[in-house]
Amino acid sequence: MATPTYKLSEIAEKLGVKLVFKDDAEDIVITGINTLEEAGPTELSFLANPKYAAQLASTKAGAVIVRPEHEGDVVRALVTENPYPMFAQALTLFTQPQGSFSGISHLACVSPEAQLGEGCTVYPFTYIAPRAVLGKGCTIFPGCYIGEDCELGDGCVLYPRVVLMAGTKVGDFCVFQPGAVIGAEGFGFARTGEGIKKVPQIGRVVMGEHVEVGANAAIDRAALSTTVVGDGTCIDNLVQIGHNVRIGKDCLIVSQVGISGSTHVGDNVTMAGQAGVAGHLHIGNNSTIGPQAGVAKDIAEGQVVGGSPTVDYNTYLRNATLMPKLPELFKRVARIEKELGHKPITVSKTDRSLVTLWNRWLSMMHLKK
Amino acid sequence: MATPTYKLSEIAEKLGVKLVFKDDAEDIVITGINTLEEAGPTELSFLANPKYAAQLASTKAGAVIVRPEHEGDVVRALVTENPYPMFAQALTLFTQPQGSFSGISHLACVSPEAQLGEGCTVYPFTYIAPRAVLGKGCTIFPGCYIGEDCELGDGCVLYPRVVLMAGTKVGDFCVFQPGAVIGAEGFGFARTGEGIKKVPQIGRVVMGEHVEVGANAAIDRAALSTTVVGDGTCIDNLVQIGHNVRIGKDCLIVSQVGISGSTHVGDNVTMAGQAGVAGHLHIGNNSTIGPQAGVAKDIAEGQVVGGSPTVDYNTYLRNATLMPKLPELFKRVARIEKELGHKPITVSKTDRSLVTLWNRWLSMMHLKK
Amino acid sequence: MATPTYKLSEIAEKLGVKLVFKDDAEDIVITGINTLEEAGPTELSFLANPKYAAQLASTKAGAVIVRPEHEGDVVRALVTENPYPMFAQALTLFTQPQGSFSGISHLACVSPEAQLGEGCTVYPFTYIAPRAVLGKGCTIFPGCYIGEDCELGDGCVLYPRVVLMAGTKVGDFCVFQPGAVIGAEGFGFARTGEGIKKVPQIGRVVMGEHVEVGANAAIDRAALSTTVVGDGTCIDNLVQIGHNVRIGKDCLIVSQVGISGSTHVGDNVTMAGQAGVAGHLHIGNNSTIGPQAGVAKDIAEGQVVGGSPTVDYNTYLRNATLMPKLPELFKRVARIEKELGHKPITVSKTDRSLVTLWNRWLSMMHLKK
C-alpha cells in the first residue's frame, strides 16, 4: 500500500520532540518506520528498551527515536523521555486506512428501511437488512451482512465478509477483521430419548465501545438474553465465544482461545493463545490464563494459572521443569523398593501406539497403501 | 430482533398445560423467556432442576413453568410434570427465522442449469453453479457459493457466506452457520525427493439429514471417495474435519475440535471443545472424548477418555489431582534416597525459559524494544 | 462432480506403463480411482505398501497399479516399479478444476486502475481494488476481496470468499481455499496506564510461489515490515499465523496450529495439528513439532519435540507411557515413607470440580435448571 512520506523535521514538529543532527547530517525524507535491525536509510526507528542500545551502533536507520542519553549515538535523533509511546504516535503518521472507496455503492443491497448515519461508506456486495441502524462514519467493506434490527454505533469498521446476525448491538468505534461472525446460533443441543433436540437460540450479542474482533472469529448469540463483550476488549483471530458468555472491559483474548457457554469473564483479563475455558465459570478481574491452559474451575481475581487442567503459575512452571525427570523418578523408586525388599514398580515399555499417533498426524500415509 | 408477544393464557393453551394464578394475579402479556435470575415481570421462566427451587422466591419472572409441587410458589404458574421439554417448546413460540427476504433475488447469480425446488429463497450476491440441485423450501443467505453438481435436500438453510464446493451432497433440513466451508481440498501433500507433492483431492462430502455445521467450520472433501457426516450430527464453530473422515449419527462435536484424515467416528459420540483426534482411527459408538484431549489410539464403544495423549477418565481425573503434588513427590524421594545413602535425584531450578514463554504469549513485547 | 472416464488401455498409454490382463480379461472403461477396499469394478486402485498385498485377492477394483511381482495377482494390472507416484499421476487424469465459469464477470467489481494478466477469470461478486495487479491465468471465485496494491503472480487460484488485504504480495501458482484471510491487522495491543493502546499495523504479507493456504485460515500482516511465507509451504485449515512471522520453504503446517508474532520458522518444518508456538522464537530447519505441542523455546535444526511445554520426542513418549502409573507411584512412595517412619505423602481425594469441568463441557446444562 502506498504509504505517505514526511521530512524528518516535519515528523519532529508533528510529534513535538527535539531533532538532533550528528556532525553535518542533514534533514531527510522518511518513508516508513522499522525495527533497528531492519530499518533502512530512509526509515525511522526507535529504542525503547535500553537492552538493545548496542544496536544503535549498527542500525542503518535514517533516524531513531531515543532517550536523551542516546541522542549522540545516532546520525539523526528524535529525543524524548518516552520513546515507545512516541513511536506508536509516529506510526499513526504512516498508517493509512484500508480501502479507497467512499459513499454508498449502487452494487450494495441496502434496505430502504435501514438507517445509515452521516458519512457512512458501504462497499459493493454488502447486504444491510431492514431496520438495521448504523451510526455516523461507519465503513462496511464488500461482502458484509448486517441483519435485521442490528444497531451499530459511530465509526465502526467492518472489513470484508463480516457477518452480524439479526439483533446484534455494537457500540462506537468497534473494528471487525475479515470473516468475523457475530450472532450465529449458539451450540444449543440436548441429548434426549428421541435423539438430539435443538434448543432455539433467541438471544443476541451486545458489544461495548472500541471492541476489536479478529479474522474468522465467532461470537455466538445467547440462547436466552444476551452474550456480552465489554468496552475495549480485544479478541484475536479464530477465537470462539459461546452463547451467554459475558466478557468485561479491556480483556485481551489471544488467538484460538475458546470460551464455553455462560462463563463470565471479569475486566482486564488476559487469555493466552489456544486456552480453553469450560462453561458456567467465573473468571476474576485482572486474572491471567496461560497458553493452551484448560480452565475447569473459577479463577480468583488476579490469579495466574497454566496447564490443562490449570494449576497455579508456579506449580505449572515447576511441573514443566520436573516432567523431563519423570522417567528417572520411576527408576529410582523401583530401586528403593528393591533395596527394601518390595516388589518394585514396573512400567510397560514405551507405548508404540504413540509412535503411530505421530506418524498418523505427521505423514499423509493414508494414500500410500 | 422484534420477537412476538403472547398472552400468558394463550401460551398455556398452546402448550396444553394448566395455568394457575396466585391470589388475585391476572393474565399478562409475555414478551419473552429468560432464566429465573434474569427474567423480568413480562417474561416467562422455568424450573427444571429442583436444586434451584429457592430462586422461585426471588425471581421477578411474570410466570414460571413448574412441576405441580411448586404451583403455589409463584404468582403465575404453568404446571407440568416435565418443565424442561415444555420450556423448549415454549421457546419455539418466541423463535423467529433470521432474515425477512423471500423469493429469488435478481441480484443473485443462479445458473439456468441449476434446479431450485418450490419455495426456495435466494438472497442477493449468492452464486449457484450449473447442475446444482436444491430441494423444496431451502433458504440461501447472501454471499453463499454452491458449486457444480451440489445436491441439497428440502428445507436446508445456508446462513451468509457458506461455501459448498462442487459435488457436495446434503440431506434434508441441514443448517449451516455463517462462514462454514464444506468440500475444500483436503490437506493432501506428501514430502518427496523433489519437495512437497500435492495429491489431487477428487472426492466429495456427503452429509445426512438434520446435520448442523457451525460458523467458520471446515469439512474437507475426500482425497478419494467421500467424507461423510451422518444424520443428526451437530458440529460446532471452528471445527476441522479432515478428508475421508466418516462420522456417524447424532454426534456432538464441540467447538475447535480437529479430526484428522480417514478417522471413522461411530454414532452418539461426544467430543468436547478443542479435542484433537489423529488420523486413521476408529472411535466407537457412544464414546466420550474430553476437552483438549489428544486421541492417539482407537476408542472402544462407550469409552470415556481425557488428557493428551488420552487415558481413561478416572486416571485422567486422578492425575489431574496428583499433578500439583509432583514437586513434593520429587523432594520426598530425594529425602528417602539420602536416608538410604543413595545419591539423591536432582532437578534443575525451574526453567526460566518458560517464564519467557509466558511473557511472549502474554505481552506484545516485540514492539517495545 | 462429473468426472471424465478413460479406457484402461488409454490410461496405460498416458502413464506409459505395461498393461497386463489375466486370463481372458478385456479392456474396460475406468470411471475413477479408489482404495483397494472401496474400489468398484469400473475403478482403478493401487498397491503402494506391500503390507496390504493381501487385499489384492479381495479387491473388486477393475484394475490395480502394482509392482511387477504382483502383476499376476489381479485381473488387470498396470505394472510399474513405483506404484505411488504413478497413482498420483493417474489421479490427475480424473481431477477437474472447480468451477465452470470463465472470463471477467460483469457482476464483479474490478477497478479500472487494477491490472489483470491474460486469461484471468473473475467470478461475480468479487471486488478488486485500485492498483491491484494479477498475473496471467489467475482464477478468482465469487465473493473474494483483493485490496489496493496487492500483487498476484501467474496461475493463482482464490476459491470463494478469500480476502487479501491491501498490499499483500503473492507469488506464482498459489492456492487459497475458501474463507482464507491474508493481511488482516495483527493483534497489536499494549496495556498502558490508560487502558489498552492499539498499535497500528502498517506492514504487509509477502508469500512465495506454490504456497497453499487452507479454508478459514488467517495470516496477519506485519506491524512493521513483512509477514513472510516461503515457497512451497502448505498451510492447512483454521491455522493462525501472527504478525511478523517468517516461515521458510516447504513447511507443512497442519490444521489449527497457531504461530505467535515474530517467530521465525526454517525450511522443511512440520507442525502437527493444534500445535502452538510462542512468539519471537526460532524454529530450526527440518524440525518436527508434535500434535497439540506447546513450543516455548527455540527448536534446533532437525529436533523432534512433543508435549506442552515441549520435551524431546523420546521423553514425550516415555512420559505418556508413565502417566497412567502416576497414581501407583504416589502410593508406593507413601508406603516406603511409612516403612521408614516418615509421615507419608498425602494427596487429597480426586478433585470433583474436574467432574464439573466434564459436565460443563459435555452437556448443555445451563438451560436445564
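Below, chains carry the letters A, B, ... as their sequence lines are ordered, and counting in each starts from 1.
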task: Provide the closest heavy-atom pair for C/Val311 versus A/Pro324 in the form atom of the first, atom of the second, distance.
output: CG1-CG, 3.9 Å
- request: Measure across A/Leu252 and C/Phe189 and return the closest heavy-atom pair with its distance rounded to 0.1 Å.
  value: CD2-CB, 3.9 Å
query: Under the side chain to side chain contact (heavy atoms under 4.5 Å, CB included) criterion, do A/Gln274 and C/Gln292 qualify, and how do the steps go?
result: CA-CA 10 Å; A/Gln274 298 184 330; C/Gln292 300 185 323; over 6 Å; no
- line: Under 4.5 Å to a heavy atom of chain C? For A/Lys325 that would be neither
Under 3.5 Å: donor-acceptor pair, side chain of C/Arg161, backbone of A/Arg161: no
statement: Here the pair of heavy atoms bringing A/Glu38 nearest to C/Ser225 is OE1-OG, 2.7 Å
statement: The interface call for A/Tyr159 against chain C, heavy-atom contacts under 4.5 Å, is side chain
message: Between A/Thr270 and C/Arg191, do the side chains contain a donor N or O and an acceptor N or O under 3.5 Å apart?
response: yes
message: I'd like to check the side chain to side chain donor-acceptor pair (under 3.5 Å) partners of C/Thr310; sequence neighbours left out, ordered by chain and number.
response: none
- request: Taking A/Gln256 for its side chain and C/Gln256 for its backbone only, find out whether a donor-acceptor pair lies under 3.5 Å.
  value: yes
query: Which bit of C/Ala184 comes within less than 4.5 Å of chain A, counting heavy atoms only: side chain, backbone, both or neither?
result: both
query: By a 4.5 Å heavy-atom criterion (distance strictly below it), what part of A/Glu212 contacts chain C: side chain, backbone, both, or neither?
result: side chain
message: Please classify the contact of C/Leu326 with chain A as side chain, backbone, both or neither, using a heavy-atom distance under 4.5 Å.
response: both
message: Any side-chain to backbone donor/acceptor pair from C/Gln240 onto A/Asp236? Under 3.5 Å, distance only.
response: no
Contact class of A/Leu340 relative to chain C, heavy atoms under 4.5 angstrom: both
message: Tell me every residue that passes salt bridge (Lys or Arg N to Asp or Glu O under 4.0 Å) with A/Glu337, counting only those two or more places apart in sequence or in another chain.
response: C/Arg332
- prompt: Heavy-atom distance under 4.5 Å to chain A: side chain of C/Lys197, backbone, both or neither?
  reply: side chain
task: Answer with side chain, backbone, both or neither: which region of C/Ala180 has an atom nearer than 4.5 Å to a non-hydrogen atom of chain A?
output: backbone
- request: Please state whether the side chain, the backbone, both or neither of A/Pro124 comes within less than 4.5 Å of a heavy atom of chain C.
  value: side chain
message: Would the distance check show the side chain of C/Glu185 and the main-chain N or O of A/Gln177 forming a donor-acceptor pair, the cut-off being under 3.5 Å?
response: no
message: Give me the atom names and distance for the closest heavy-atom approach of A/Pro178 to C/Met165.
response: CG-SD, 3.9 Å
- prompt: Between A/Phe125 and C/Thr126, which heavy-atom pair has the shortest distance, and what is it?
  reply: CE1-O, 3.5 Å
- prompt: With only heavy atoms counted, which part of C/Ala217 is less than 4.5 Å from chain A, the side chain, the backbone, both or neither?
  reply: backbone
statement: When the 4.5 angstrom heavy-atom criterion is applied to A/Ile33 and chain C, the contacting part is both
- request: Select one option (side chain, backbone, both, neither) describing which atoms of C/Ala275 are under 4.5 Å from chain A's heavy atoms.
  value: backbone
message: How close do C/Tyr145 and A/Gly99 get, counting heavy atoms only, and between which atoms?
response: OH-CA, 4.4 Å
task: Determine, stepwise, if the pair C/Tyr127 / A/Tyr123 fulfils ring pair (Phe, Tyr, Trp, His ring centres under 6.0 Å).
output: CA-CA 9 Å; C/Tyr127 184 89; A/Tyr123 276 76; 5.4 Å; yes
message: Check whether C/Asn319 reaches the backbone of A/Met323 with its side chain - one donor and one acceptor, N or O, closer than 3.5 Å.
response: yes
- line: So, the part of C/Ala293 with a heavy atom under 4.5 Å from chain A: the answer is backbone
query: C/Thr168 versus chain A, heavy atoms under 4.5 Å apart: side chain, backbone, both or neither?
result: neither
- request: Under 4.5 Å heavy-atom distance to chain C, tell me which part of A/Ile253 shows up: side chain, backbone, both or neither.
  value: backbone
- prompt: With no hydrogens and no angle check, is any side-chain donor or acceptor of A/Asn216 less than 3.5 Å from a backbone partner on C/Asn216?
  reply: yes
